[in-house]
Amino acid sequence: MKLTRNGIKEREAWKKAGIDLPGYDVEAVTEKAKKEPGWVHFGIGNIFRVFIGGIADGLLEEGGLDRGITCVETFDYDVVDKIYDPYDNLGLNVILHGDGTREYKVLGALAEAVKAQSSDAEQWNRLKEIFAAKSLQLVSFTITEKGYALRKADIKNGPDKATGAMAVLVAMLNERYKAGKYPIALVSMDNCSQNGAKLRESVLTMTEEWHKAGFVDDGFVDYVTD
């Protein structure tokens, strides 16, 4: 038994071990997300995988979602290399109930893991493709409260050398603006007071600073503030 897309095809072995497998076609929802991304999430650690990934898994089971989540890491790139890639982005959800029993389920809702690393041309260009996709509707965040802080170097260096989560986000919003000014929803899922207000303030401030420095045009400011 291996936690890979090929490994979960051995359904009887998993059943024997008491581990539930996805009732949906993991390969199909993965490929649809890659071709037509609909939901991007920043901050792809354990909390995201189990809670938000678990919600998406449930929606896929119910037919309320038809593609997986595109996972974006802006800080710890080892997460992609060591936790996502070796297991084909699959996760194992373990629930310990009050009576001591355990419930095991393989999660197949995480379609793709991308490093938001501007120094890695392949990963950076893939992120641009994702944000330029008309199909994209939602970008959500679990990056902790400090993830919304702005870095002076990001303000100075502009979109092409973005490193912090907010700089990466605004750089990608600029790509979306240039691709067709498509609408998008930005939703903070972080457990902190006024999370939406923090996100909005950081996005608008970075946009304003880049506009002053000539990195983005007037139309982009209008697009972000609308």
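This structure is a prediction, so every number in the text was calculated from the model and none was measured. Below, all heavy atoms of this structure are taken into account, side chains as well, without hydrogens, waters or symmetry copies.
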Query raised in the report: What is the minimum heavy-atom distance between Phe215 and Ile155, and which atoms define it?
Result: CE1-O, 3.8 Å
Report summary line: Applied to residues 184-204, the side chain to side chain donor-acceptor pair (under 3.5 Å) test, sequence neighbours excluded, yields Glu145-Lys198, Tyr148-Ser188, Tyr148-Asp190
**Report entry** Presence of salt bridge, Glu36 and Lys134, under 4.0 angstrom
**Finding:** no
Report task. For Arg5 and Leu90, work out which heavy atoms get closest and say how close. Result -> N-CD1, 3.8 Å
Query raised in the report: When you measure from the side chain of Asn93 to the backbone N and O of Lys105, does any donor-acceptor pair fall under 3.5 Å?
Result: no
Report task. Determine whether the side chains of Tyr77 and Asp120 contain a donor N or O and an acceptor N or O closer than 3.5 Å. Result -> no
Requested in this report: Check whether any side-chain heavy atom of Ile143 sits under 4.5 Å from a side-chain heavy atom of Met166, and report yes or no.
Outcome: yes
Query raised in the report: Are Leu204 and Phe141 connected in the hydrophobic side-chain network, where two residues link if heavy atoms are under 4.5 Å apart?
Result: yes
Report task. Ignoring hydrogens and angles, state whether a donor on the side chain of Asp57 or Tyr24 is under 3.5 Å from an acceptor on the partner side chain. Result -> yes
Report task. Would you please name every residue forming a side chain to side chain contact (heavy atoms under 4.5 Å, CB included) with Ala133, sequence neighbours left out? Result -> Pro37, Ser135
Query - More than 12 heavy atoms from other groups under 6.0 Å of CD1 on Ile47 - result: no
**Report entry** Test item: Leu92 and Leu107 side chains (from C-beta on) under 4.5 Å apart, heavy atoms
**Finding:** no
Query raised in the report: Counting distance only, does the side-chain N/O of Asp154 pair as donor-acceptor with the main-chain N or O of Gly164 below 3.5 Å?
Result: yes
Query raised in the report: Does the pair Ile69 and Val40 meet the rule for a side chain to side chain contact (heavy atoms under 4.5 Å, CB included), with working shown?
Result: CA-CA 6 Å; Ile69 304 175; Val40 166; over 6 Å; no
Query - Ionic contact status for Glu27 with Lys9, cut-off 4.0 Å - result: yes
Requested in this report: Classify the side-chain pair Thr70/His41 by whether it contains a donor and acceptor separated by less than 3.5 Å.
Outcome: no
Query raised in the report: Does a side chain donor of either Asp99 or Thr101 reach within less than 3.5 Å of an acceptor in the other side chain?
Result: yes
**Report entry** Minimal non-hydrogen separation, Trp210 against Ala171, with atom names
**Finding:** CZ3-N, 3.7 Å
Report task. Please determine if Glu10 and Lys15 form a salt bridge, counting it only when a charged side-chain N lies under 4.0 Å from a carboxylate O. Result -> no
Query - CZ (Phe75) with more than 12 external heavy atoms under 6.0 Å - result: no
Query raised in the report: Does Lys34 offer a backbone N or O that forms a donor-acceptor pair with the side chain of Glu112 under 3.5 Å?
Result: no
Report task. Check whether more than 12 heavy atoms from other residues, nucleotides or ligands sit under 6.0 Å from atom CG of Asp78, and answer yes or no. Result -> yes
Query - Pair Tyr223-Asp218, side chain to side chain contact (heavy atoms under 4.5 Å, CB included): steps then yes or no - result: CA-CA 9 Å; Tyr223 168 72; Asp218 295 345; over 6 Å; no
**Report entry** Whether over 12 other heavy atoms sit under 6.0 Å from Tyr182 OH
**Finding:** yes
Query raised in the report: Donor-acceptor pair, Arg176 side chain versus Phe131 backbone, under 3.5 Å?
Result: yes
